[in-house]
Amino acid sequence: MPPTTIAGQGIKERDAAGPQPAARRRTSVLRRTAQGRQARAAWVLAAPFLALFLAFMLLPVVWSLLMSLTDTQSADLRTPLNVSFIGFDNYVRLFEDPQFFTALRNTAVFVLVALPLTLAAGLAAAVALNSGIQRFRAVFRVGFYLPVITSIVAVAVVWKTLLEPHAGLVNTVLAWFGIDGPAWLADTRFALPVMILMAVWRNLGTVMIIMLAGLQSVPQSLMEAAELDGAGAWQRFWRVTFPLLRPALLLTAVTTGIGYLQFFDEPFVMTDGGPLDSTLSATLYAYKQFGNGNYDVASAAGYVVFVLIIALTVLQFRVLRDKD
């Protein structure tokens, strides 16, 4: 081939190959520009939420932590820079206060009794709706779940009215059978158990809905295989169904346990922590300290509850997580 032909082909190849790197660079620049626009648009759209989160969530959490380490009182609101750092003295004061120990004991009893009862009642209702009850199943679901979406204040007021010692419906019905009903919310023996019963009744609907979803996801083939192997109804439930419900059980246990450790609305509305602090909870104790102007002690009590929530959640994950 003549040299001129070879040189011409080389020039054509260089001309053909020359623009390609430039085109790739332009494509890369355009892609980065488009990604930059998307990132900026995402930050602009997220800015309102971030501003609200920082102003009403993160900042109060950080500020309350700082208050728990200082001697902040209500009088210091006008001069916040005059407070003094005292370390963990507020936590020492808390655990030297017998009333705080009473609040912790009441909260522990509430959680340790109400949480298992709520899980058991919700699971029993879910099993009944999944297999035993065929007619009016939707009506039962709504009936069990309705207390969950009802305001806790309204529920507490209704229960307080029902348990009124002289004109309440409960004591009126007991009087029909010759039973002299007690003053339920004014008696240290009954006030906390009544609130535990109310909490179980109100929250079992959430457990029921989640457990029902878990029951309906169990493969029917596994149940049929277990039945062919001679397993009874209880063995099928305990050996086949219950292990598959671990994720649902863990979810309901964690969320319900967190809510019960923040036990506040019921005693606040019904008894104000009485009688004789028998229904005083840790969160109600913190609220009263805040109302008394002891912002430092109130913040410390709030963080004690926060640590208890973490501890309970970790324990539940260790016990109920899937072993596989």
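- Screening Phe144, Tyr145, Trp159 against Trp201 for a ring-ring contact (aromatic ring centres under 6.0 Å, His included) leaves a single residue, Trp159.
- When the shell of 6.0 Å around CG of Leu276 is examined, it contains 12 or fewer heavy atoms from other residues, nucleotides or ligands.
- Taken together through direct or relayed side-chain contacts under 4.5 Å among Ile, Leu, Val, Met, Phe, Trp and Tyr, Val170 and Val173 form part of one hydrophobic cluster.
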Exercise. Just do the side chain to side chain contact (heavy atoms under 4.5 Å, CB included) check on Val109 and Leu192 with the steps written out, would you?
Key: CA-CA 9 Å; Val109 170; Leu192 188 60; 3.9 Å; yes
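- Heavy-atom minimum distance, Met208 versus Ala125: CG-CB, 3.9 Å.
- Leu115 contributes atom CG, which lies 11.5 Å from atom CD1 of Ile196 (distance to the nearest 0.5 angstrom).
- Proximity of a side-chain donor or acceptor of Asp187 to a complementary backbone N or O of Arg189 within less than 3.5 Å is detected.
- For the residue pair Ala248 and Ile210, the shortest heavy atom distance occurs at CB-CG2, 3.9 Å.
- Linking ILVMFWY side-chain heavy atoms closer than 4.5 Å, directly or via other members, places Val142 and Val207 in two distinct hydrophobic clusters.
- Under the 4.5 Å side-chain heavy-atom criterion for ILVMFWY residues, a single connected hydrophobic cluster contains both Met57 and Leu54.
- The shortest non-hydrogen separation linking Ala199 to Glu266 is CB-OE2, 4.5 Å.
- Taken from CG in Leu197 to CZ in Arg202, the straight-line distance is 14.0 Å, to the nearest 0.5 Å.
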Original post:
Stepwise, does the side chain to side chain contact (heavy atoms under 4.5 Å, CB included) test hold for Phe100 with Val304?
Top reply: CA-CA 11 Å; Phe100 183 66; Val304 170; 3.8 Å; yes
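- The shortest distance between side-chain heavy atoms of Asn203 and Val148 does not fall below 4.5 Å.
- Looking at Asp296, its side chain never comes within 3.5 Å of a backbone N or O of Met67 through a donor-acceptor pair.
- Going from atom CD of Gln316 over to atom OG1 of Thr255 covers 8.5 Å, rounded to the nearest 0.5 Å.
- Applying the side-chain contact (heavy atoms from CB on, under 4.5 Å) test to Tyr287 and every residue at least two apart in sequence or in another chain returns Phe264, Phe268, Leu284.
- Contact of the Val61 side chain with the Leu65 side chain is not registered, since no non-hydrogen atoms from C-beta on lie closer than 4.5 Å.
- Residue Phe242 is grouped with residue Trp234 when hydrophobic side chains (ILVMFWY) are merged at heavy-atom distances under 4.5 angstrom, including chains of intermediate members.
- Residues Leu315 and Leu261 share a hydrophobic cluster, clusters being chains of Ile/Leu/Val/Met/Phe/Trp/Tyr side chains in contact below 4.5 Å.
- The shortest non-hydrogen separation linking Pro165 to Asn171 is O-ND2, 2.9 Å.
- Although no hydrogens or angles enter the test, the distance criterion places no donor-acceptor pair under 3.5 Å between the side chain of Lys288 and the main chain of Ala298.
- Between Gln235 and Trp238 the shortest side-chain heavy-atom distance does not fall below 4.5 Å.
- Inter-residue side-chain proximity for Glu164 and Leu185 is flagged as unmet; no heavy-atom pair is nearer than 4.5 Å.
- No hydrogens or angles considered: a donor-acceptor pair under 3.5 Å links the side chains of Thr279 and Thr271.
- Annotation for Phe85: atom CZ counts as buried by contact number, over 12 foreign heavy atoms lying within 6.0 Å.
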Can you list the steps and then say if Asn106 with Phe110 is a side chain to side chain contact (heavy atoms under 4.5 Å, CB included)?
CA-CA 6 Å; Asn106 294 337; Phe110 185 86; over 6 Å; no
I would like to know whether Thr313 and Ile258 meet side chain to side chain contact (heavy atoms under 4.5 Å, CB included); could you show each step before the answer? CA-CA 8 Å; Thr313 303; Ile258 290 174; 4.1 Å; yes
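- The shortest side-chain heavy-atom distance between Val254 and Phe317 falls under the 4.5 Å cut-off.
- Side-chain atoms of Asp97 and Tyr285 form a donor-acceptor pair, as typed in the model, at a separation below 3.5 Å.
- In this structure, OG1 in Thr252 is found 11.5 Å from CG in Leu204, a value given to the nearest 0.5 Å.
- A 4.5 Å side-chain heavy-atom check between Thr283 and Val305 finds at least one atom pair inside the cut-off.
- The two atoms that bring Gly274 and Ala191 nearest to each other are O-CB, 4.5 Å, heavy atoms only.
- Sorted by first and then second residue, the side-chain hydrogen bond (donor to acceptor under 3.5 Å, both in side chains) pairs with a member in residues 53-71 read Ser64-Tyr303, Ser68-Tyr91, Thr70-Thr72; sequence neighbours excluded.
- Between the CZ atom of Phe190 and the CE atom of Met195 there is a distance of 14.0 Å, given to the nearest 0.5 Å.
- In this pair, Phe95 and Phe101 present their aromatic rings perpendicular. The plane angle is above 60°, beyond the 30 to 60° band.
- Residues Phe290 and Val297 have side chains not in contact (no heavy-atom distance under 4.5 Å, counting atoms from C-beta outward).
- Atoms CE and CG, from Met211 and Asn130 in turn, are 12.5 Å apart once rounded to the nearest 0.5 Å.
- Contact check for Val127 versus Leu215: side-chain heavy atoms found under the 4.5 Å cut-off.
- Nearest heavy atoms, Gly214 versus Ser217: O-OG, 2.7 Å.
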